[in-house]
There are 2 protein chains.
Amino acid sequence: MAGRRTDTRERILRVALELFAEQGYDRTSLRQISDRLQITKASLYYHFQSKEEILEAILGEFAERLTNVVAWGRGRPPGPETRHELLRRYSEIITEAASITQSNAFQEFAVATQIRTDVLALLELLTGPDATTAGRLRAQLAIAALHIGLTPGGLTPMPTDDPELPKIALDLAAQLVEGE
Amino acid sequence: MAGRRTDTRERILRVALELFAEQGYDRTSLRQISDRLQITKASLYYHFQSKEEILEAILGEFAERLTNVVAWGRGRPPGPETRHELLRRYSEIITEAASITQSNAFQEFAVATQIRTDVLALLELLTGPDATTAGRLRAQLAIAALHIGLTPGGLTPMPTDDPELPKIALDLAAQLVEGE
DNA sequence: GTCTATAGAGCGATAGAC
DNA sequence: GTCTATCGCTCTATAGAC
């Protein structure tokens, strides 16, 4: 039980995911990864050929699970139970790996604090002071609906070019805050 | 009307926002900004003291408008009309400036294509083949609900530590895909 | 207000010893 | 499998001429 052997690769992936989620991929250096593992930067290259390959390994794991969920869904008759189970299985796989791209990289900026404060105030205005958790989540989704509907090529690609999308998004956002 | 004068600062902000939204802040170099403006990199430093200051100017503009929206909302009696108008005004200000952090920086990876394909397939499973735009948007929001509910410190900070949040998110996601 | 030239630092990646 | 040492590159930022 003296020298470590074959778990280093997995430890690298775990620590890299940690840092990518904290800081974003670009702002994370190989030096930070190796430091946290108490190995040298050069040693990383025994396990991975490049920094990109580390990210691809992480994303690939997520992608594989996602593919399995989709395949499962296609082999089932459509219906509420299938759809609910799809959502549940998707939940399982995002808990780990999904927050890499939407990093917290801008929290250092002073203006980011102001924006966050204002967004929270906006949510409070939309829900009222004693909203339930579900109500607050609906308000967040109302905001998300506007982002999806109004920023082209944003977070997730809307597979449509419906010119009515902005209006539809605003209507749906209104429904969400009114609890309908 | 010979030499340009004071509009350079605004042209820098416009081009920088373009590139930040396309590639993300980190992946955009000052060289790319100055090239697109057909000036030199060094000239940028006459108008801004640092790269961060360019981003802060962009975010600051957005933050100022957001603050005004919140102030307006606070000066109004709560009610459906106020809430709807809040959403409408928020829509107006995000169209430009909001997609900087969630950049398209990972589209180059092969595995990203697979993930996108699978997410689209998942959405199709959730909506059925001939869904309306509103239905597709609801499915997107169902996915967003899971992300918000399950990834701590993600896109937007949920101002709650309700341990029931994951379950509530899943329930709300189910409601969204079932059209309730 | 824009230029040329360059400083100074950090990065990803490689070579080769052990 | 991990190390030391270093290469080559790109980046932000500055100095100083025009």
Side-chain angles (χ1 to χ4, degrees), chain A residues 1-60 100-101 103 105-106 108-112, chain B residues 1-60 100-101 103 105-106 108-112:
Chain A
M1 208 183 257
R4 265 201 197 85
R5 237 169 278 184
T6 43
D7 65 325
T8 306
R9 191 190 148 94
E10 296 194 13
R11 289 173 64 231
I12 292 170
L13 290 178
R14 206 194 62 231
V15 166
L17 174 56
E18 260 174 46
L19 286 164
F20 292 166
E22 283 172 25
Q23 309 177 325
Y25 173 76
D26 290 307
R27 288 172 114 86
T28 302
S29 69
L30 295 179
R31 181 145 209 297
Q32 287 178 296
I33 296 173
S34 61
D35 277 3
R36 196 173 283 198
L37 287 167
Q38 286 179 303
I39 59 175
T40 60
K41 202 174 50 162
S43 297
L44 295 175
Y45 284 89
Y46 176 81
H47 300 277
F48 297 94
Q49 286 192 2
S50 67
K51 184 185 177 186
E52 289 205 354
E53 205 184 271
I54 296 176
L55 178 57
E56 284 185 39
I58 292 171
L59 293 178
I100 299 173
T101 55
S103 78
F106 295 106
E108 68 205 52
F109 290 93
V111 71
Chain B
M1 209 183 255
R4 267 204 195 80
R5 238 170 274 183
T6 43
D7 66 324
T8 307
R9 190 190 149 94
E10 296 194 11
R11 290 172 64 231
I12 292 170
L13 291 178
R14 206 194 63 228
V15 166
L17 174 57
E18 261 174 46
L19 286 165
F20 291 167
E22 283 171 25
Q23 308 177 326
Y25 173 76
D26 290 306
R27 288 171 116 85
T28 302
S29 69
L30 295 178
R31 182 146 209 298
Q32 288 178 294
I33 296 173
S34 61
D35 276 4
R36 196 174 283 200
L37 287 166
Q38 285 179 305
I39 60 175
T40 60
K41 207 174 45 165
S43 297
L44 295 175
Y45 284 91
Y46 177 82
H47 301 276
F48 297 94
Q49 286 191 1
S50 67
K51 183 186 177 185
E52 290 205 354
E53 203 184 272
I54 296 177
L55 178 57
E56 283 185 42
I58 292 171
L59 293 179
I100 300 173
T101 53
S103 78
F106 294 107
E108 68 204 52
F109 290 94
V111 71

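Order of the sequence lines fixes the chain letters, A, B, ..., with proteins taken first and strands second; residue numbering starts at 1 for each chain. Note: hydrogens, waters and symmetry copies are ignored here, and every other heavy atom, side chains too, is used. Predicted model only: the values in this text are computed from it and were never measured.
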The test is side-chain contact (heavy atoms from CB on, under 4.5 Å); show your working for Ile54(A) and Leu30(A) and say whether it passes.
CA-CA 10 Å; Ile54(A) 296 176; Leu30(A) 295 179; 4.2 Å; yes

Rounded to whole Å, CZ of Arg27(A) lies from C1' of dG10(C) at a distance of 14 Å

Pick base, sugar-phosphate or nothing for Thr28(A), based on heavy-atom distances below 4.0 Å to the nucleic acid.
sugar-phosphate

NZ or CZ of Lys51(B) within 45° of Tyr25(B) ring axis and under 6.0 Å
yes

Thr8(A) side-chain N/O to dT2(D) phosphate OP1/OP2 under 4.0 Å
yes

Rounded to whole angstroms, how far apart are NE2 on His47(B) and P on dT12(D)?
17 Å

To the nearest angstrom, the CD1-C1' distance between Ile12(A) and dT2(D) comes to 11 Å

Rounded distance in Å - CD (Glu53(A)) to P (dA13(C)):
10 Å

Please report the distance, rounded to the nearest Å, between CZ in Phe48(A) and P in dA13(C).
13 Å

What integer distance in Å separates Arg31(A):CZ from dA13(C):P?
16 Å

In whole Å, I'd like the distance from the CG atom of Leu55(B) to the P atom of dT12(D).
13 Å

Using a heavy-atom cut-off of under 4.0 Å over every strand shown, decide if Ser29(B) touches base, sugar-phosphate, or nothing.
sugar-phosphate

Once salt bridge (Lys or Arg N to Asp or Glu O under 4.0 Å) is applied, what residue pairs with a partner in residues 29-50 of chain A remain, sequence neighbours excluded?
Glu18(A)-Arg36(A), Glu22(A)-Arg36(A), Arg31(A)-Asp35(A)

What's Ser43(B) touching, base or sugar-phosphate or nothing? Going by heavy atoms closer than 4.0 Å.
base

Set of residues satisfying side chain to side chain contact (heavy atoms under 4.5 Å, CB included) with respect to Glu53(B), sequence neighbours excluded
Phe48(B), Gln49(B), Ser50(B)

Looking only at heavy atoms, the pair that brings Gly60(B) and Val111(A) closest together is CA-CG2, 3.8 Å

Side-chain N or O of Thr40(B) less than 4.0 angstrom from OP1 or OP2 on dC3(C)?
yes

Set of residues satisfying side chain to side chain contact (heavy atoms under 4.5 Å, CB included) with respect to Gln32(A), sequence neighbours excluded
Leu19(A), Gln23(A), Thr28(A), Ser29(A)

Exam field: side chain Ser43(A) to backbone Ile39(A), donor-acceptor pair closer than 3.5 Å
no

Find every protein N or O atom lying less than 3.5 Å from an N or O atom of nucleotides 13-17 of chain D, and list the pairs.
residue: dA13(D); atom: OP2; partner: Tyr45(B); partner atom: OH; Å: 3.0
residue: dA13(D); atom: OP2; partner: Lys51(B); partner atom: N; Å: 2.8
residue: dA13(D); atom: O5'; partner: Tyr45(B); partner atom: OH; Å: 3.3

Whole-Å distance, Gln38(A) CD to dC3(D) C1', equals 15 Å

